[in-house]
There are 2 protein chains.
Amino acid sequence: MSKNTVNPKNVSDLASLFDALSDPTRILIIHALLEGEVGVGELVEHLGLTKSAVSHQLRGLRDKRIIRTRKQGRNVFVSIDDEHVIDLFQRGLDHILHG
Amino acid sequence: MSKNTVNPKNVSDLASLFDALSDPTRILIIHALLEGEVGVGELVEHLGLTKSAVSHQLRGLRDKRIIRTRKQGRNVFVSIDDEHVIDLFQRGLDHILHG
DNA sequence: CAAATAGTTGAGCAACTATTCAACTATTCG
DNA sequence: CGAATAGTTGAATAGTTGCTCAACTATTTG
């Protein structure tokens, strides 16, 4: 069955999971997605970064299966793919707000 | 009353909180501390890094008030200072282990 | 079809990070 | 006291990261 819960793979996966939430831009992206699906263009406007910067971050989050993207015409819509991450996010936020 | 929950300070604090857990060495340190206080020497041995590397990481974690250190003679003992972080850690671990 | 719009991709770069090394402080022990 | 042990500190460095820029693909619209 499962070996020790902290084999090297688990350690790096866990670090990688938290790493997804370790940057202000990604925090804002995930926050914007908490209420539901959002377009890439909206994210760009909201974040005040270039489309490129946002696209790069979205790719990283998609590679980690934290978000999902859906293309409709020339627009791309983004939503949370990993609901557990919402829970981590909320708990982290609760902690820093009323800690 | 409370401002918007995502003012820039909160965003950067939240990123910083998750950042503390975003590195394999720090994951192993916190994991080692879950059962209680551990000596720096034990950590060094367990991690297979130099005393210096471990000390640098411990300083970072202490600066963020995630761990606390206590000196006894020439030894330094480390323990978790922020119990909320244990909860985040456990939830992250649960997530990568079972689903 | 061409022009416009939405987003992606890869290169390049400045800033940051995790580690090591060497020198240091602090404590114990003979 | 001096030697040994435990840990810290700062500089140097190799590697990573987040962003921008320019060029690209894909889609819609005239």
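All values reported here derive from a predicted model rather than from experimental measurement.
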Item to check | Upstream residue (5' side of DNA chain C) when Arg59(A) and Arg74(A) are each assigned their closest nucleotide | outcome: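 Taking each residue's closest nucleotide, the earlier one in sequence belongs to Arg74(A).
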Starting from [atom2] on [N], measure out to [atom1] on [X] and report it in whole angstrom.
| X | N | atom1 | atom2 | result |
| --- | --- | --- | --- | --- |
| Leu58(A) | dT9(C) | CG | P | 11 Å |
| Phe77(B) | dT27(C) | CZ | C1' | 13 Å |
| Lys71(B) | dA26(C) | NZ | P | 7 Å |

Next on the checklist: Any N or O donor-acceptor pair under 3.5 Å from the base of dT9(C) to the side chain of Ser52(A)?
Outcome noted: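 Pair found.
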Item to check | Side chain of Thr50(B) - closest among dT20(C), dT19(C), dT9(C) | outcome: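 Taking heavy atoms from C-beta onward, the closest nucleotide is dT20(C).
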Item to check | Position toward the 5' end of DNA chain D (nearest nucleotide), Ser55(B) or Gln72(A) | outcome: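 Residue closer to the 5' terminus by nearest nucleotide: Ser55(B).
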Checklist entry - Start at the 5' end of DNA chain D and walk down; is the nucleotide closest to Val40(B) or to Asp23(A) reached first? => result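 Taking each residue's closest nucleotide, the earlier one in sequence belongs to Val40(B).
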Checklist entry - Any side-chain heavy-atom pair from Arg91(B) and His84(A) closer than 4.5 angstrom? => result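 SC-SC contact between Arg91(B) and His84(A) ruled out.
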Checklist entry - Does the side chain of Val38(A) reach to within under 4.5 Å of the side chain of Phe77(A), using non-hydrogen atoms? => result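 Heavy-atom side-chain distance check fails, nothing below 4.5 Å.
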Checklist entry - Asp19(A) and Lys64(A): salt bridge (charged side-chain N to carboxylate O under 4.0 Å, His left out), yes or no, with the steps? => result CA-CA 10 Å; Asp19(A) 188 55; Lys64(A) 293 184 178 177; 3.5 Å; yes
Next on the checklist: Checking Asp63(B) against Arg59(B) for the salt bridge (charged side-chain N to carboxylate O under 4.0 Å, His left out) test, could you report, in this order, the C-alpha distance in whole Å, the side-chain angles of both residues, the deciding distance, and whether it holds?
Outcome noted: CA-CA 6 Å; Asp63(B) 287 350; Arg59(B) 183 155 57 119; 5.2 Å; no
Next on the checklist: Out of the candidates Ile27(B), Asp23(B), Leu28(B), only one should pair with Thr25(B) under the side-chain contact (heavy atoms from CB on, under 4.5 Å) rule; please name it.
Outcome noted: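 It is Asp23(B), the one option of Ile27(B), Asp23(B), Leu28(B) that forms the side-chain contact (heavy atoms from CB on, under 4.5 Å) with Thr25(B).
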Item to check | Criterion side chain to side chain donor-acceptor pair (under 3.5 Å) on Arg70(A) and Ser79(A), from CA distance to verdict | outcome: CA-CA 8 Å; Arg70(A) 167 177 80 84; Ser79(A) 54; over 6 Å; no
Item to check | Span of DNA chain D in contact with chain A (heavy atoms, under 4.0 Å) | outcome: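 First-to-last contact on DNA chain D, by the 4.0 Å heavy-atom rule, is dG18(D) to dT29(D).
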